Protein chains: 2
Amino acid sequence: MLIRLDPASATPLFDQLAGSIRASIISGRVAAGERLPAARDLATSLDVNVHTILRAYQELRDEGLIELRRGRGAIVASAPRDFGDLTAAIDSVVAEARASGVPPAALAALIREAYQ
Amino acid sequence: MLIRLDPASATPLFDQLAGSIRASIISGRVAAGERLPAARDLATSLDVNVHTILRAYQELRDEGLIELRRGRGAIVASAPRDFGDLTAAIDSVVAEARASGVPPAALAALIREAYQ
DNA sequence: GTATTGCGCTAGTTAAACTAGAACAATAGG
DNA sequence: CCTATTGTTCTAGTTTAACTAGCGCAATAC
């Protein structure tokens, strides 16, 4: 699993982390039942604190994407909902936003606005 | 123009502000050429610092949505791009996300991921 | 039993957001 | 020309979230 972090980014590390893993799960690049790297290991390899990793994991757990158990680790949830329509919709929105010259931050704000 | 701010929210005030105004512009609730309230006035009525208002305005200016001139104020840009397709795409994404039980934060992260 | 792994706690540092106040420059309008 | 308005720019202080660090504890696997 490839994870790249940008310490200079405005988006928090744990959010970048969760976002990267989330994308991998929803796109199917990591299968259900598969185990994510142990927090301590990932922290070492990414040169980041363990708590930051765990916070990202907990975010994904709250979304129901993974399960966390002591001694076992982080396991991709086995309730593989169908995200096909969602990913398609996301792709078209991003394409539309790019075409309209709407920057990522603005798009995110618009989505948030529409969600309320 | 109705603007509601939630000081308890995790999203910064200036972002909430920009988001609210941005939505008003793109949806057409405020017309091109129309003038937004003066920063000092808006700051008073929202009980927020002037700099916070100005920062939101500058964000919108960077997106090309408004123009800022000293002495004149903040004016909605007269380059009325067609956001019809974008808003439609946004609506369908939000509907899809709701149906799939994807929380706002997760959706935002997915969008950000897709944008890169 | 032992190593692994997530959980929980305290604590310190750093950066961003927000506030506050002031002076300044461009515009509008009498 | 004069004055009020409005965004721009600067300094400065406070607060809060993110991040780091280290430790012990509890559940699981082998």
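Each chain gets a letter, A, B and so on, in the order its sequence line appears, and its residues count up from 1. Predicted model only: the values in this text are computed from it and were never measured. The figures that follow rest on heavy atoms only: side chains count, while hydrogens, waters and symmetry mates do not.
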Take the protein atom [atom1] of [X] and the nucleotide atom [atom2] of [N], then report the distance between them rounded to whole Å.
X        : N       : atom1 : atom2 : value
Leu5(A)  : dT20(D) : CG    : P     : 9 Å
Asn49(A) : dA18(D) : CG    : C1'   : 11 Å
Arg55(A) : dG6(C)  : CZ    : P     : 17 Å
Ile75(B) : dT5(D)  : CD1   : C1'   : 13 Å
Arg40(B) : dT27(C) : CZ    : C1'   : 13 Å
Ile66(B) : dT8(D)  : CD1   : C1'   : 14 Å
Leu68(A) : dG8(C)  : CG    : P     : 11 Å
Gln58(A) : dT5(C)  : CD    : P     : 17 Å

Between [options], spot the one nearest the side chain of [X], thanks.
X        : options                  : value
Arg35(B) : dT19(C), dT6(D), dT20(D) : dT6(D)
Arg70(A) : dT6(D), dC7(C), dA18(D)  : dC7(C)
Arg61(B) : dT8(D), dT5(C), dT19(C)  : dT8(D)
Leu54(A) : dC18(C), dG6(C), dT8(D)  : dG6(C)
Ala38(B) : dT5(C), dT8(D), dG7(D)   : dG7(D)

- Any donor-acceptor N/O pair under 3.5 Å between dG6(C) base and Arg72(A) side chain: no
- Query: Looking at dC7(C), does its base get a donor-acceptor pair with the side chain of His51(A) below 3.5 Å?
  - Reply: no
- Note on the structure: Closest to the 5' end of DNA chain D, once Gly71(A) and Pro12(A) are matched to their nearest nucleotides, is Pro12(A)
- When Ala74(A) and Ala8(A) are each assigned the nearest nucleotide of DNA chain C, the 5'-most assignment goes to Ala74(A)
- Message: Looking at Arg98(A) and Tyr115(B), would you say the former's side chain and the latter's main chain have a donor-acceptor pair under 3.5 Å?
- Response: yes
- Item | Residue pair Ile90(A), Leu107(B): steps toward the side-chain contact (heavy atoms from CB on, under 4.5 Å) verdict | CA-CA 9 Å; Ile90(A) 287 177; Leu107(B) 180 59; 4.0 Å; yes
- Message: Ignoring hydrogens, what is the shortest heavy-atom contact between Gly84(B) and Thr87(B)? Give both atom names and the distance.
- Response: O-OG1, 2.8 Å
- Could Glu59(B) and Arg22(B) be called an ion pair, given the rule that one side-chain N must be under 4.0 Å from one carboxylate O? yes
- What distance separates Leu110(A) CG from Arg112(A) CZ, expressed to the nearest 0.5 Å? 9.5 Å
- Message: Measuring to OP1 and OP2 of dT20(D), would you say a side-chain N or O of Thr52(A) lies under 4.0 angstrom away?
- Response: yes
- Message: At 4.0 Å (heavy atoms only), tell me whether Ala10(B) reaches a base, stays on the sugar-phosphate, or touches nothing.
- Response: nothing
- Query: Base, sugar-phosphate alone, or nothing: which one does Val48(A) contact when heavy atoms must sit under 4.0 Å apart?
  - Reply: sugar-phosphate
